[in-house]
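Here the structure comes first, spelled out in structure tokens, and everything after it is commentary.
Proteins come first, then strands; the chains are lettered A, B, ... in the order of their sequence lines, and each starts at number 1.
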Protein chains: 2
Amino acid sequence: MGATKTDHFTESQNELAILAKALGHPARIAIMEYLLKVDACICGDIVNELPLSQPTVSQHLKELKNAGLIKGSIEGNSICYCINEPGLEKIKGFFEYISEHLAKKKNECC
Amino acid sequence: MGATKTDHFTESQNELAILAKALGHPARIAIMEYLLKVDACICGDIVNELPLSQPTVSQHLKELKNAGLIKGSIEGNSICYCINEPGLEKIKGFFEYISEHLAKKKNECC
DNA sequence: TATTTATATTGCAATATTACGATATAAAAT
DNA sequence: ATTTTATATCGTAATATTGCAATATAAATA
């Protein structure tokens, strides 16, 4: 085996998993943090920020983009990346939902 | 290659990535949702909720536990699982942090 | 004590991810 | 037109993940 049984889960569960998975690598967390740190969209120089080769960074950027967490537009010579809010809000919503429910019921047993 | 270059990133980045990665599978999203849906900790019957074999579910539970997203305590014959709030709050905080920063700067360029 | 019930571990095959060198592409600068 | 600069894609090796059958463990029950 080895392939995830995507068919057996709801669309929402698969979507959330894709978003979470995209952030399941420190390089991709670092990219998100960097996009946020710099007070603008980043046109270039993401590669220099990370301890990884250019092709590897490019691949990580692609995964974040596919998951809908960042977006990139061609800006002359380079590419301008920034965070894609809708994707981010979707996964943020999942954690808020859990957090709210937990607050309501105050689990006792564990 | 194939191994993540954990050393090159900060502890915080690695921690967040571990938490996100643990949720990067629809079965594990489903487990979290189920733990929340039932108004208590689950002692047993998680296996019957998922379209996966018992060993596979056990493995997914282990991963969520290792990441610090759930906790389980032995309850006689079965094991009682529930959500581990600190782990959840940590990753929730990351998304809130991003969301707040985004609201502040209202990206213009992309 | 033997059996049932609930969960974990082991072992392994199929597939996915990570990383990077080499190479491609395409706009900018010379 | 050629070279430089920025990024993407291809190919591939190393490693990790997914899933399950078989088996182990350990408490509950008969």
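To the nearest 0.5 angstrom, B:F95 atom CZ is 6.5 Å from A:L88 atom CG. How far CD1 of B:I70 is from CD of B:E85: 14.0 Å, rounded to the nearest 0.5 Å. Atoms CD and CD, from A:Q59 and A:E63 in turn, are 6.0 Å apart once rounded to the nearest 0.5 Å.
Between the P atom of D:dT5 and the CG atom of A:N48 lies a distance of 12 Å, rounded to the nearest Å. Between B:I79 atom CD1 and C:dA8 atom C1' there is a gap of 8 Å when expressed in whole angstrom units. One interatomic measurement links the two molecules: CG of A:L61 to P of D:dA8, which rounds to 6 Å at whole-angstrom precision. Rounded to an integer number of Å, the gap from B:H60 NE2 to C:dT7 P is 16 Å. Atom CG in B:D45 sits roughly 15 Å away from atom P in C:dT5 (whole-Å rounding). Atom CG in B:N66 sits roughly 15 Å away from atom P in D:dA16 (whole-Å rounding). Residue A:L64 contributes atom CG, which lies 13 Å from atom P of C:dT17 at whole-angstrom precision. Rounded to an integer number of Å, the gap from A:I70 CD1 to D:dA8 C1' is 14 Å.
A heavy-atom distance below 4.5 Å is found between the side chains of B:T4 and A:P26.
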Extract from the structure each pairing of a protein N or O with an N or O of nucleotides 25-30 of chain D at less than 3.5 Å, listing the distance.
none

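Near DNA chain C, defined here as any heavy-atom distance below 4.0 Å, there are no residues from residues 21-33 of chain B. A heavy atom lying under 4.0 Å from DNA chain C marks the following residues of residues 50-59 of chain A, by number: A:L52, A:S53, A:P55, A:T56, A:Q59. Using a 4.0 Å cutoff on non-hydrogen atoms, no part of residues 11-18 of chain A comes near DNA chain D.
Residue pairs that meet the salt bridge (charged side-chain N to carboxylate O under 4.0 Å, His left out) test with at least one member in residues 92-103 of chain A, sequence neighbours left out, are A:E89-A:K92, A:K92-A:E96.
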As a quick check of understanding, evaluate side-chain contact (heavy atoms from CB on, under 4.5 Å) for A:I29 and B:F9, giving each step before the final call. CA-CA 9 Å; A:I29 294 283; B:F9 300 96; over 6 Å; no
Under the side-chain contact (heavy atoms from CB on, under 4.5 Å) criterion, do B:I83 and B:L69 qualify, and how do the steps go? CA-CA 6 Å; B:I83 291 172; B:L69 284 164; over 6 Å; no
Please evaluate residues A:D45 and A:Y34 with respect to the criterion side-chain contact (heavy atoms from CB on, under 4.5 Å), reporting the C-alpha separation (whole Å), side-chain torsions for both, the decisive distance (0.1 Å), and the verdict. CA-CA 11 Å; A:D45 90 344; A:Y34 182 62; 3.4 Å; yes
side-chain contact (heavy atoms from CB on, under 4.5 Å) between B:K62 and B:S58, worked out: CA-CA 6 Å; B:K62 192 179 178 183; B:S58 184; 5.9 Å; no
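Between B:Y81 and C:dA6 there is no side-chain N or O to OP1 or OP2 distance below 4.0 Å. Put simply, A:K62 has a side-chain N or O that comes within less than 4.0 Å of OP1 or OP2 on D:dT9. In this structure, A:K5 reaches the D:dC20 phosphate: one of its side-chain N or O atoms is under 4.0 Å from OP1 or OP2.
Between B:H25 and B:H60, the ring-plane angle classifies as tilted under the 30° and 60° cut-offs.
Formation of a donor-acceptor pair under 3.5 Å by the A:N84 side chain with backbone atoms of A:K71 is not found in this model.
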Just distance, no hydrogens or angles: give the donor-acceptor pairs under 3.5 Å from side chains in residues 11-24 of chain A, sequence neighbours left out.
{"from": "A:Q13", "atom 1": "OE1", "to": "A:T10", "atom 2": "N", "distance (Å)": "3.0"}
{"from": "A:Q13", "atom 1": "OE1", "to": "A:T10", "atom 2": "OG1", "distance (Å)": "3.3"}
{"from": "A:Q13", "atom 1": "NE2", "to": "B:E33", "atom 2": "OE1", "distance (Å)": "2.9"}
{"from": "A:N14", "atom 1": "ND2", "to": "A:T6", "atom 2": "O", "distance (Å)": "3.0"}
{"from": "A:N14", "atom 1": "ND2", "to": "A:T10", "atom 2": "O", "distance (Å)": "3.2"}
{"from": "A:E15", "atom 1": "OE1", "to": "A:K90", "atom 2": "NZ", "distance (Å)": "2.8"}

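When all heavy atoms of B:Y81 and B:L35 are compared, the closest pair comes out as O-CD2, 3.6 Å. Looking at every heavy atom in both residues, B:I31 comes nearest to B:L61 through CG2-CD2, 3.9 Å.
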